[in-house]
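Step one of this worksheet: look at the structure below.
Order of the sequence lines sets the chain letters (A, B, ...), proteins ahead of strands, with each chain counted from 1.
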Number of protein chains: 2
Amino acid sequence: MQEQAELYQRRAEILKALAHPTRLWMVDQLAQGEVCVCQFVEAVGVDFSTISKHLAVLKRAGLVEDERRGKQVFYRLRVPCVTGFFRCVDQVLDHPAAAGTCAACTTAKEDCHELA
Amino acid sequence: MQEQAELYQRRAEILKALAHPTRLWMVDQLAQGEVCVCQFVEAVGVDFSTISKHLAVLKRAGLVEDERRGKQVFYRLRVPCVTGFFRCVDQVLDHPAAAGTCAACTTAKEDCHELA
DNA sequence: CCAATATTTGGCGATTTGGCCAAATAACGC
DNA sequence: GCGTTATTTGGCCAAATCGCCAAATATTGG
């Protein structure tokens, strides 16, 4: 894993940016088109400075880009595919806790061996 | 957003579980089939107790399930679609920092209005 | 039962995150 | 320039996260 550590580090950085209820909700809103910061502020029950910081996190991760137009700043998604995350995440939520034994698997008799 | 807060909370929980380099790497390994804890331990340069806790996080999020066979415990993905996350995440990484103005957008002249 | 292997759990310090407040910055209209 | 609106930034504190160590638990084989 060591030689790929940086890659997974950067990937994790992106997921970390998404891993917050408010930010996730904002990304969902942005999936339908750009949104002004002030619109977010009105819809969410947190301080506007908090919203701004959340958007900064998304921007820093490369998920969104911003553009100032007049007094307002608009944000939009940089990569549309993030929308697809919801589908899979919800699948995890819906998936029943399937217990059960792997049919093709036998009990290990030897000691642990390395991962390829 | 308030009425959907719980949904986004649970979704974020799942993404948070993925949002760590080591855990992300482990999920990637699990995409190719079940893996024993001891195999992870040998491949990653952290304490085995740390590995165990990372796996517990993934399990708690519903992403993986475990099964003990003899002395060893094997983990496997519960939902295959998480593999698709990598494709999109990497797209975010590769996407150039496209600056530029939204063509169809004009400067706002009114004050901020609410989000639908 | 005892020793060895495999894994989980509890606890501890160090770092990061999240949210609020206050202050700074930006753009606009008068 | 001044006041207003919109947004970002810095500081602060509470809470969560990460990784190590030590100890507990589980399983197997003498």
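Both tests do not hold together for A:Arg68 against A:Phe74: distance to the six-membered ring centre under 6.0 Å, angle to the ring axis within 45°.
A sub-4.0 Å separation between OP1 or OP2 of C:dT8 and a side-chain N or O of B:Ser52 is present. A sub-4.0 Å separation between OP1 or OP2 of C:dG18 and a side-chain N or O of A:Thr50 is absent. Between A:Tyr75 and D:dA6, a side-chain N or O to OP1/OP2 separation shorter than 4.0 Å is absent. For D:dA6, the OP1/OP2 oxygens have no side-chain nitrogen or oxygen of A:Arg69 closer than 4.0 Å. Distances shown here put a side-chain N or O of B:His54 below 4.0 Å from the OP1 or OP2 atom of D:dG19.
With D:dT7, D:dC21, D:dT27 as the candidates, the nucleotide lying closest to the side chain of B:Asp47 is D:dC21. The side chain of A:Arg23 lies closest to C:dG18 when the candidates are C:dG18, C:dT8, D:dG19. With D:dG19, C:dC20, D:dT17 as the choices, the nucleotide that has an atom nearest any side-chain atom of B:His20 turns out to be D:dG19. Considering only side-chain atoms of B:Lys16, the nucleotide from C:dT8, D:dT17, D:dA26 that sits closest is D:dT17.
Classified by interplanar angle (parallel below 30°, tilted 30° to 60°, perpendicular above 60°), the ring pair B:Phe86/A:Tyr8 is perpendicular.
Rounded to whole Å, atom P of C:dT5 lies 15 Å from atom CZ of B:Arg68. Nucleotide D:dT17 holds its C1' atom 16 Å from the CG atom of A:Leu15, rounded to whole Å. Atom CD in A:Gln72 sits about 9 Å away from atom C1' in D:dT5, given to the nearest Å. Spacing between atom NZ of A:Lys59 and atom C1' of D:dT7 amounts to 11 Å, rounded to whole angstrom units. Here the C1' atom of nucleotide D:dT7 and the CD atom of A:Glu67 are 15 Å apart, to the nearest Å. Atom pair B:Asp66:CG and D:dA26:P shows a separation of 14 Å (rounding to whole Å applied). Atom CD1 of A:Ile51 and atom P of D:dT7 are 11 Å apart (whole Å). Summarising the geometry, the separation between CZ on A:Phe74 and P on C:dA27 is reported as 14 Å, rounded to the nearest angstrom.
Between A:Lys53 and B:Val73, the one whose closest nucleotide on DNA chain C sits nearer the 5' end is B:Val73. Comparing B:Ser49 and A:Phe48 along DNA chain C, the residue whose closest nucleotide (by nearest heavy atom) sits nearer the 5' end is B:Ser49.
Judged by distance alone with a 3.5 Å cut-off, no donor-acceptor contact links the side chain of B:Lys71 to the base of D:dG29.
For the residue pair B:Val35 and B:Gln29, the shortest heavy atom distance occurs at CG2-O, 4.3 Å.
The pair B:Glu13-B:Arg60 does not meet the salt-bridge criterion, since no charged nitrogen lies less than 4.0 angstrom from a carboxylate oxygen. Ionic pairing of B:Arg69 and B:Glu34 is present here: one or more N-O contacts between side-chain nitrogen and carboxylate oxygen are shorter than 4.0 angstrom.
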